[in-house]
Amino acid sequence: MSALDPRALRRAFGSFMTGVTVVTCKAADGTPLGFTANSFSSVSLDPPLLLVCPGRFLSSYDSFASCSHFAVNVLAEGQEDVANTFATFKGDRFARTPHRADPHGNVLIDGALAQFSCTTHQVVDAGDHAILLGEVRAFHHDAGRGLGYAGGQFFSLGLERAALDPAGNTALLGAIITEGDEVLLEKTDAGYRPPQVISTERQHVRRTLAGNLGSRGQPVRLGPAYAVFDDGNVQCSYFLANASAAGSAFTRHPIRDIPGLTFATAAITQMMHRFAEEAETRSFGLYVGDARRGDVHHLPERT
Ligand SMILES: Cc1cc2nc3c(=O)[nH]c(=O)nc-3n(C[C@H](O)[C@H](O)[C@H](O)COP(=O)(O)O)c2cc1C
């Protein structure tokens with residue numbers, strides 16, 4: 001037994017900023033298996049080797065520790081939902097995640113920034129984890145930014161920068177929080193708006209917003225950014241979010257009623273109308289621009 005405090009050690013390990021991957025393999029009967037991992041590392045170019053560390057606590061540990069091939073999918077900015085699914089969801093993780101089979105018998109996650117299809121090179125016993133070394137047989141890499149992870153939180157470099165780039169010192173952070181078919185809003189004299197906070201915190205945008213909502217009695221699971229714009233006074237960043245527990249801080253409205261509501265500003269009205277439309281197909285875009293003009297970028301589909 002070590003004398004080190006395991007929780008303090010876990011926190012210290014967690015201070016190392018990483019990307020986020022989903023590692024997949026198949027069970028003996030062909031069922032796809034996968035888990036979220038940040039223990040990924042590139043190892044060697046010649047031969048092309050990488051590693052990832054499956055923990056013994058995984059329900060799929062035996063399959064990963066004995067697999068002949070596996071894949072590592074580097075998640076892109078906006079794929080927090082995929083990371084959460086493959087970290088915590090206990091049902092069929094693949095049923096809620098677009099994916100495909102590759103010619104090497106591996107399962108690849110759609111929308112991942114990079115996908116490495118490997119054969120198992122070596123499995124090394126390593127305490128409560130194993131080190132799974134893979135030889136890369138094929139890979140695919142898209143331009144874009146990866147999803148980040150530090151101190152137990154996901155972060156998106158590009159979006160955090162975009163939210164905090166402007167000349168002003170403050171940023172408005174808001175969340176379009178849904179629970180089932182309802183959206184949570186706060187009422188002001190000018191009309192409804194998504195719950196928001198004005199922040200001078202120039203880092204940890206997501207943590208600031210989630211912490212603020214939690215302290216107001218509404219814990220949330222934040223998803224990708226939905227709109228980033230300058231409304232003339234302040235840089236506004238709105239994120240999609242799911243209520244992670246019931247709260248009573250905000251009023252609930254069926255999403256289909258959004259077109260009939262009065263919102264606090266024109267920019268919020270426009271954003272919420274787009275949200276109501278996109279919620280029908282669950283195909284959301286990221287708006288980047290100013291309060292009047294900008295572009296909508298397609299985001300990975302949310303389950
Ligand atoms: C950001 C992040 C990184 C993780 N990294 C690892 C890892 O490197 N190795 C591991 O075994 N589990 C890791 N986990 C935990 C597993 O994803 C989680 O325990 C697993 O999906 C549980 O699967 P199971 O329900 O099939 O046991 C990580 C979780 C998160 C959120």
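Read the numbers this way: they start at 1 and go in the same order the structure lists the ligands and their atoms. Just the heavy atoms: all of them, side chains too, but no hydrogens, waters or symmetry mates, feed the values below. Residues take their numbers from the sequence shown, with the count starting at 1. Remember, predicted model here, so these are calculated numbers, not experimental data.
- Between F57 and ligand 1 there is a heavy-atom distance shorter than 4.0 Å.
- The protein non-hydrogen atom at the shortest distance from atom 26 (O) of ligand 1 is S59 OG, 2.5 Å.
- For atom 8 (O) of ligand 1, the nearest non-hydrogen atom of the protein is S39 OG, 2.5 Å.
- The shortest contact between atom 25 (O) of ligand 1 and any protein heavy atom is with K90 NZ, 2.5 Å.
- Cation-pi geometry between R206 and F154 is not met at under 6.0 angstrom from the ring centre and within 45 degrees of the axis.
- Atom CG of D181 has 12 or fewer heavy atoms from other residues, nucleotides or ligands within 6.0 Å.
- In this comparison of Y61, F86, F64, the heavy atom closest to atom 21 (O) of ligand 1 sits on F86.
- Using modelled atom types and a 3.5 Å distance limit, the side chains of T21 and N73 yield no donor-acceptor pair.
- Contact of the K26 side chain with the V107 side chain is registered, since non-hydrogen atoms from C-beta on lie closer than 4.5 Å.
- The shortest heavy-atom distance from P54 to ligand 1 is under 4.0 Å.
- Close to ligand 1: R93, with a non-hydrogen atom less than 4.0 angstrom away.
- Considering both main-chain and side-chain atoms, C53 comes within under 3.5 Å of ligand 1 through a nitrogen or oxygen pair.
- Cation-pi geometry between R274 and Y226 is met: the NZ or CZ atom falls under 6.0 Å from the ring centre, inside 45° of the normal.
- Nearest heavy-atom pair, I176 versus V183, reported as atom, atom and distance to 0.1 Å: CG2-CG2, 4.0 Å.
- Residue contact check: Y149 has heavy atoms under 4.0 Å from atoms 1 (C) of ligand 1.
- Taking every heavy atom of both residues into account, Y238 and Q196 meet most closely at OH-OE1, 3.7 Å.
- Contact detail for A175 and P194: the closest heavy-atom pair is O-CB, 3.3 Å.
- Counting the atoms of ligand 1 from 1 in the order shown, those under 4.0 Å from a heavy atom of G55 are 10 (C), 11 (O).
- In this structure, the protein non-hydrogen atom closest to atom 31 (C) of ligand 1 is A87 CB, 3.7 Å.
- Heavy-atom proximity to atom 17 (O) of ligand 1, evaluated over V52, N38, D128, T36, is greatest for T36.
- Side-chain N or O atoms of S117 include none that pairs as donor or acceptor with a backbone N or O of N106 at under 3.5 Å.
- Annotation: atom 20 (C) of ligand 1 to nearest protein heavy atom, L58 CD2, 3.4 Å.
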